[in-house]
Amino acid sequence: MKKVFSAIVALALVFCFGKANACTNFLITKGASTDGSCMISYAADSHVLYGELYHYPAADWPAGAMRDVYDWDGGMYRGQIPEVAHTYNVVGNMNEWQLAIGETTYGGLESLWEGPGIIDYGSLIYITLQRAKTAREAIKCMGELVANYGYVSEGESFSICDTEEVWILEMIGKGKQEKGAVWVARRIPDGYVSGHANQARITTFPLAKKNKTSITFKQIDKLFKDTNIDCVYADDVISFAKEMKLYDGPDEKFSFSDVYNPVDFSGARFCDLRVWAMFNKVTDNMKDYWGYATGRDIKRVQPFTAGMCQTPDNFPTNRMPLWVLPNKKVSVLDMMDFMRDHLEGTELDMSQDVGAGPFHCPYRWRPMQFEVNGQEYVHERTTATQQTGFSFVAQSRGNQQYGIIWFGVDDADNCVYCPMYTCMTEVPECFREGNGSMTEWSETSAFWTFNQMSNWAYTKYNYIHPEIHKRQREMEESWVNKAVPELDKRVFAIKGKEAQVKELTQFSCNQANKMTQSWKRFYHDLFMKYMDGNLNTPGEPVKGQKYVPINSKHPKYSDEYYQILIEKTGDKYKAY
């Protein structure tokens with residue numbers, strides 16, 4: 001990169017790397033999945049977010065009951081809203097009806113942050129999951145919540161799926177003077193896949209007056225039941241932008257992303273590049289978007305200036321599509337792999353440069369940006385990252401009565417995604433809220449167990465991580481290919497939903513707790529094996545000898561590391 005960061009780039013870096021909302025979502029429609037499931041993935045990436053599995057039991061509420069609303073990031077009390085008569089069981093980010101919602105924060109225009117009201121993006125997700133059965137009901141609920149009670153977060157992209165459809169909804173508030181939010185929701189065409197990662201992705205969209213498959217929020221009660229509808233948006237999403245002098249141009253050329261979250265170097269390089277990496281795994285010709293995704297070549301007819309009133313000529317002309325058609329269908333195991341990407345196979349693979357150290361570690365500690373001789377530089381922001389609190393793959397299974405959220409804690413590349421049935425009435429101890437925190441160690445916590453392992457792996461990555469990957473894939477494949485199908489058949493034969501839910505709850509809790517204990521023992525094994533930089537393996541027992549002998553080898557540093565060492569130190573270590 002040849003230019004010094006602008007203030008807006010630096011601000012975007014703060015949002016991409018400094019808060020609890022630097023996340024990644026991938027979206028898979030039923031026609032694009034191997035088993036007809038709709039799937040979304042989500043990584044909650046934060047240096048201060050403790051990985052645990054939230055649970056909101058189903059409940060009945062008396063007339064007049066009120067609900068306290070707390071800010072999800074900080075736990076600040078915001079206010080109250082009326083409760084509904086019945087709320088649904090929610091496990092993590094998926095409910096008993098197999099509705100799942102994920103998010104990534106893109107920030108957007110600072111002038112539109114923190115409007116009056118009490119609904120933040122986390123409250124919006126978890127309240128909606130307790131009140132909606134389908135993706136369409138969720139969109140309606142979310143629109144009503146922000147309209148009635150205001151929206152107090154920055155710009156947000158939401159993934160929403162049920163057993164039939166997958167939607168992306170993008171939203172931003174109206175600033176300090178006006179309650180509510182402007183937003184657009186688009187249904188991903190069946191057979192296609194999509195993604196978002198801290199950069200707004202919806203550009204132009206079909207307008208209701210000219211397209212029978214698009215409606216405004218005012219029409220939602222009347223027309224949203226029509227399955228042909230594939231776009232719905234706030235009635236004032238365009239007029240508000242014009243009123244605020246954010247956009248000057250025809251309505252049909254209005255781009256939500258390019259007006260409310262104009263893409264710059266950081267939006268492409270640190271955000272859309274993660275989407276590019278997933279798209280590149282499933283479809284051809286993504287090399288055509290490499291210049292855009294790396295932020296090196298964002299093409300515009302007219303130059304872009306931060307804070308200016310946008311026109312269509314200021315919009316990039318080479319942005320990636322919102323969705324792509326995959327060459328082959330995507331499995332739940334593929335989704336797990338997407339979440340473990342470090343830009344392998346590209347020129348930006350951080351395991352292949354000097355920063356990876358002698359053991360090719362693809363991670364870089366924060367801060368992400370640095371300066372050398374007055375020139376700004378950056379480390380890459382990959383999908384898999386060390387600061388993940390938790391991540392999941394939500395599998396809304398149209399061919400099964402019960403959905404699964406495949407849940408893992410800590411770095412996605414070093415976690416194990418464990419099947420949690422979202423009808424379950426109890427959360428396993430290892431994932432339970434309150435079992436440890438960022439300031440409280442717990443021996444039974446999955447979060448601390450997996451952090452021990454991943455932080456050990458970072459020290460000798462090219463030796464330790466392959467062993468982790470082999471073990472995690474064995475466990476995940478065993479669940480996907482054997483344990484879950486067998487359980488589904490067994491539960492189908494059980495009479496009564498209550499008995500079925502009990503069986504699924506017991507399975508989920510047992511598997512998670514056993515996984516955590518197994519991983520703890522695995523960590524102990526690998527700690528002994530790679531202690532002090534050695535490679536220790538048990539030898540053959542010797543008759544009459546009290547202890548099993550240890551074979552200790554001493555793996556050398558990489559040849560590249562030795563070469564760099566001598567280039568930097570000259571004859572300091574030369575043998576005479």
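The side chain to side chain contact (heavy atoms under 4.5 Å, CB included) check on T346 picks up W276, W290, L343, L348, with sequence neighbours excluded. In terms of the ring pair (Phe, Tyr, Trp, His ring centres under 6.0 Å) criterion, residue partners of F450 (sequence neighbours excluded) are, by chain and number, W519. Residues satisfying the ring pair (Phe, Tyr, Trp, His ring centres under 6.0 Å) criterion with H524, sequence neighbours excluded, are absent altogether. Applying the side chain to side chain contact (heavy atoms under 4.5 Å, CB included) test to D525 and every residue at least two apart in sequence or in another chain returns M528. Shown here are the side chain to side chain contact (heavy atoms under 4.5 Å, CB included) partners of P189, two or more places apart in sequence or in another chain: Y192, W323. Annotation: side chain to side chain contact (heavy atoms under 4.5 Å, CB included) contacts of Q98 (sequence neighbours excluded): M94, T163, S396, R397. In this structure, the ring pair (Phe, Tyr, Trp, His ring centres under 6.0 Å) partners of H342, at least two apart in sequence or on a different chain, are Y363. Every residue was checked against the ring pair (Phe, Tyr, Trp, His ring centres under 6.0 Å) condition with F507, not counting sequence neighbours, and none meets it.
Using a 30° and 60° split on the angle between ring planes, Y126 and W72 fall in the tilted class, from 30° to 60°. Ring geometry for Y88 against W97 counts as perpendicular: the plane angle is over 60°, on a 0 to 90° scale with 30° as the lower cut. Between F390 and Y54, the two ring planes are perpendicular [angle over 60°; tilted spans 30° to 60°].
Under the salt bridge (Lys or Arg N to Asp or Glu O under 4.0 Å) criterion, the residue pairs touching residues 454-469 are E467-K529, with sequence neighbours excluded. Applying the salt bridge (Lys or Arg N to Asp or Glu O under 4.0 Å) test to every pair with at least one member in residues 125-139, sequence neighbours left out, gives these pairs: E83-R131, R136-E165. For residues 464-501, the set of pairs meeting the ring-ring contact (aromatic ring centres under 6.0 Å, His included) definition, not counting sequence neighbours, comprises Y461-H465. Screening residues 427-443 for salt bridge (Lys or Arg N to Asp or Glu O under 4.0 Å) gives E426-R432, E443-K520 as the qualifying pairs, with residues at least two apart or on separate chains.
With respect to the salt-bridge test (charged N to carboxylate O, under 4.0 angstrom), the residues E474 and K470 qualify.
When atom types are taken as modelled, the side chain of N95 and the backbone of L129 share a donor-acceptor pair closer than 3.5 angstrom. Looking at N89, its side chain does come within 3.5 Å of a backbone N or O of T422 through a donor-acceptor pair. Judged purely by atom type and a 3.5 angstrom limit, R274 uses its side chain to pair as donor or acceptor with the backbone of C23.
Taking CD of E344 as the reference point, atom CE of M350 lies at 9.5 Å (rounded to 0.5 Å).
Here F407 and F392 keep their ring centres 6.0 angstrom or further from each other.
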